[in-house]
Engineer: 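The structure's right below; bear with me while I get my questions together.
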2 protein chains.
Amino acid sequence: MASSPVPHEPPIYRRIADRLRQAILAGEFRDGDRLPGENALMSEYGIARATARQALAVLINEGVAVPKRGSGVYVRHFRPIRRHGSRRLSREQWGTGKAIWDSDVTGRPFTVDDIVIAREAAAEDVGRVLGCGEVWVRRRRYSVDGRPVQLAASHFPADLVEGTPITVPDTGPGGVYARLGDLGHAPVHFTEEVRARMPSPDEAAKLRLPAGTPVIEVCRSAFAAGGTAVELNKMIIDAASYVLQYDFDA
Amino acid sequence: MASSPVPHEPPIYRRIADRLRQAILAGEFRDGDRLPGENALMSEYGIARATARQALAVLINEGVAVPKRGSGVYVRHFRPIRRHGSRRLSREQWGTGKAIWDSDVTGRPFTVDDIVIAREAAAEDVGRVLGCGEVWVRRRRYSVDGRPVQLAASHFPADLVEGTPITVPDTGPGGVYARLGDLGHAPVHFTEEVRARMPSPDEAAKLRLPAGTPVIEVCRSAFAAGGTAVELNKMIIDAASYVLQYDFDA
DNA sequence: CAGTGGTCTAGACCACATA
DNA sequence: ATGTGGTCTAGACCACTGC
């Protein structure tokens, strides 16, 4: 008997999520607009509550929508900060200065909190890059407009920086790179390794990330003239708040 | 009366997810190991099926675990490909060559499929960067070991490349950049804009991404000597398969 | 106070994988 | 054939938001 050779209809909750996503892309819902809630979907489609929730969960985990307790589910905003890798080659001199993504947060001041400076045993990966067993670590959190956007942890070989201003909160004019220069180890080269992943619960809490928001993990190594690694800066960045820009010549 | 000032216990499903995550980090479950399934969690904790599912969904949406239908939920693997931004400055000459993340896929050959070459009206953002209304687009998908890892779409100003090998599948020796050179528009400068986000359903399907996997979106603009943009390459990259590396001098 | 999302229970049927 | 995850129903109580 010819059984229906249908190429597999998606489940109800997927179809609803797809419809809502389409409506958002088509502009029927704008940034910040309230989407139909669980009750609305239940009555509109004649489905159970859990199914309506599942449909909304799809959009939430895609980062397209954000739930607000007791209020509703809302279309999400994307307003990135632009972070330049090598400022020396930065884009202004190239092309018409046109970028793919707008970044209207650029220029607003960062605030810093949660500063912790400590001498620690180096984690396995950090020790391998810096070539040492003990490190001084400077941890802090950056915020823009009161919204946390980045966690950073700078690691230095303990023997190299012991007793210098790098081990205290105020590093003096020029910051840690100037102090490394004072030591005869000014960074002359950087390499950044970039990956993206979903945040750990700890990172999600510290950055106040809604579901569906990845983080970008940037590990920047700084090298002095001899080729020795003098700093390793691990950054955890709210992916919804940032665009990274790298410039280089052919 | 003194009501209990408890700092809010997390819900059951969160606590179970946290326990499992800890066990994974502690090495009790290794890459590829099977985690306790829904039935196991239901009987172990005396909870309903939906609650056990919710606990597993947390780990799946974090990208920590991957569900396999009819089989189980498994601990996920991270084995990235390393992609170099500017090969000229690449890391080998710096430091001890130690990187934060291993990348054992490096060197394995890419395969290419889904090649589509077409002349189109430029999307709003593409047209702004390239300064034109019509573009030739070269789309393709890259795979490693049969696993799709990247979608790429190179855009060229239509007037610039019309009638050249850039508009046909075989671009000849040296590829599109050599052909741009033939036209007197060899790229001398590149800008890459990098962001991360959750994939659209279409992207997730084309890259066969499990839930909890972000994509990295790289938009690379190539500029010729005069400063005109001659190419815009939009890449959608499986974040679980890639580490991007950028090298630059101070 | 009414409506919203957050959590949870106790069932059900299905498609699929493995043995 | 058994067990697994995938989908769905029909309820319930809670905490929180906004009027």
Side-chain angles (χ1 to χ4, degrees), chain A residues 3-20 29 32-61 64-76 201 204-205 208-212, chain B residues 3-20 29 32-61 64-76 201 204-205 208-212:
Chain A
S3 76
S4 74
V6 176
H8 246 33
E9 248 180 18
I12 302 174
Y13 78 93
R14 274 242 153 252
R15 292 206 300 267
I16 296 174
D18 290 347
R19 265 192 55 145
L20 287 174
F29 300 98
D33 280 0
R34 191 175 178 283
L35 293 173
E38 299 175 358
N39 296 338
L41 294 178
M42 285 170 70
S43 55
E44 182 178 353
Y45 292 96
I47 57 178
R49 185 173 159 103
T51 307
R53 269 186 80 70
Q54 207 173 359
L56 292 170
V58 169
L59 300 178
I60 290 166
N61 282 321
V64 170
V66 171
K68 285 199 196 307
R69 257 226 294 271
S71 170
V73 177
Y74 296 85
V75 178
R76 189 155 171 196
R208 292 210 284 273
L209 299 175
Chain B
S3 78
S4 74
V6 177
H8 247 34
E9 248 181 16
I12 300 174
Y13 79 93
R14 274 245 152 246
R15 292 206 301 266
I16 296 175
D18 290 346
R19 264 192 55 143
L20 289 174
F29 299 100
D33 281 359
R34 190 175 178 284
L35 292 173
E38 299 175 359
N39 296 340
L41 294 179
M42 285 169 71
S43 54
E44 182 179 352
Y45 293 95
I47 54 177
R49 178 159 173 143
T51 308
R53 269 185 81 71
Q54 208 174 358
L56 292 170
V58 169
L59 300 178
I60 290 165
N61 282 321
V64 170
V66 171
K68 286 199 195 309
R69 259 226 292 272
S71 172
V73 178
Y74 296 85
V75 178
R76 190 157 172 196
R208 291 208 284 273
L209 299 175

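Model, not experiment: these values are computed from the prediction. Chain letters run A, B, ... following the sequence lines, proteins first, then strands; residues in each count from 1.
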Engineer: Could you measure the distance from the CG atom of B:D18 to the CG atom of B:L59? Nearest 0.5 Å is fine.
Structural biologist: 8.5 Å

Engineer: Can you tell me if A:Y45 and A:R19 form a side-chain donor-acceptor pair at under 3.5 Å?
Structural biologist: yes

Engineer: Quick one: pull up CG in B:L35 and CZ in B:R76 and give me the separation to the nearest 0.5 Å.
Structural biologist: 13.0 Å

Engineer: Can you tell me how far C1' of C:dT4 sits from CG of A:L56, to the nearest Å?
Structural biologist: 11 Å

Engineer: Under a 4.5 Å cut-off applied to non-hydrogen side-chain atoms, are A:I16 and A:I47 in contact?
Structural biologist: yes

Engineer: Should B:N39 be listed as having a side-chain N or O under 4.0 Å from OP1 or OP2 of D:dT4?
Structural biologist: yes

Engineer: CD1 of A:I60 versus P of C:dT4: gap in Å, rounded?
Structural biologist: 15 Å

Engineer: Expressed as a whole number of angstroms, how long is the span from B:L41:CG to D:dG3:C1'?
Structural biologist: 15 Å

Engineer: Could you tell me whether the side chain of A:R49 reaches within less than 4.5 Å of the side chain of A:N39, counting heavy atoms only?
Structural biologist: yes

Engineer: Quick one: which protein N/O atoms are closer than 3.5 Å to N/O atoms of nucleotides 8-12 of chain D? Pair and distance per line, please.
Structural biologist:
unit_1	atom_1	unit_2	atom_2	d
D:dC8	OP1	A:I12	N	2.8
D:dC8	OP2	A:Y13	N	3.4
D:dT9	OP2	A:A48	N	2.8
D:dT9	OP2	A:T51	OG1	2.6

Engineer: What is the separation between atom CZ on A:R69 and atom C1' on C:dG5, rounded to the nearest whole Å?
Structural biologist: 8 Å

Engineer: Report the distance from atom CD1 of B:I60 to atom CZ of B:R53, rounding to the nearest 0.5 Å.
Structural biologist: 7.5 Å

Engineer: Find the distance A:R15:CZ to D:dT7:C1' and express it as a whole number of Å.
Structural biologist: 12 Å

Engineer: Pick the closest DNA chain D nucleotide for B:A40 and for A:K68 by heavy atoms, then say which residue is nearer the 5' end.
Structural biologist: B:A40

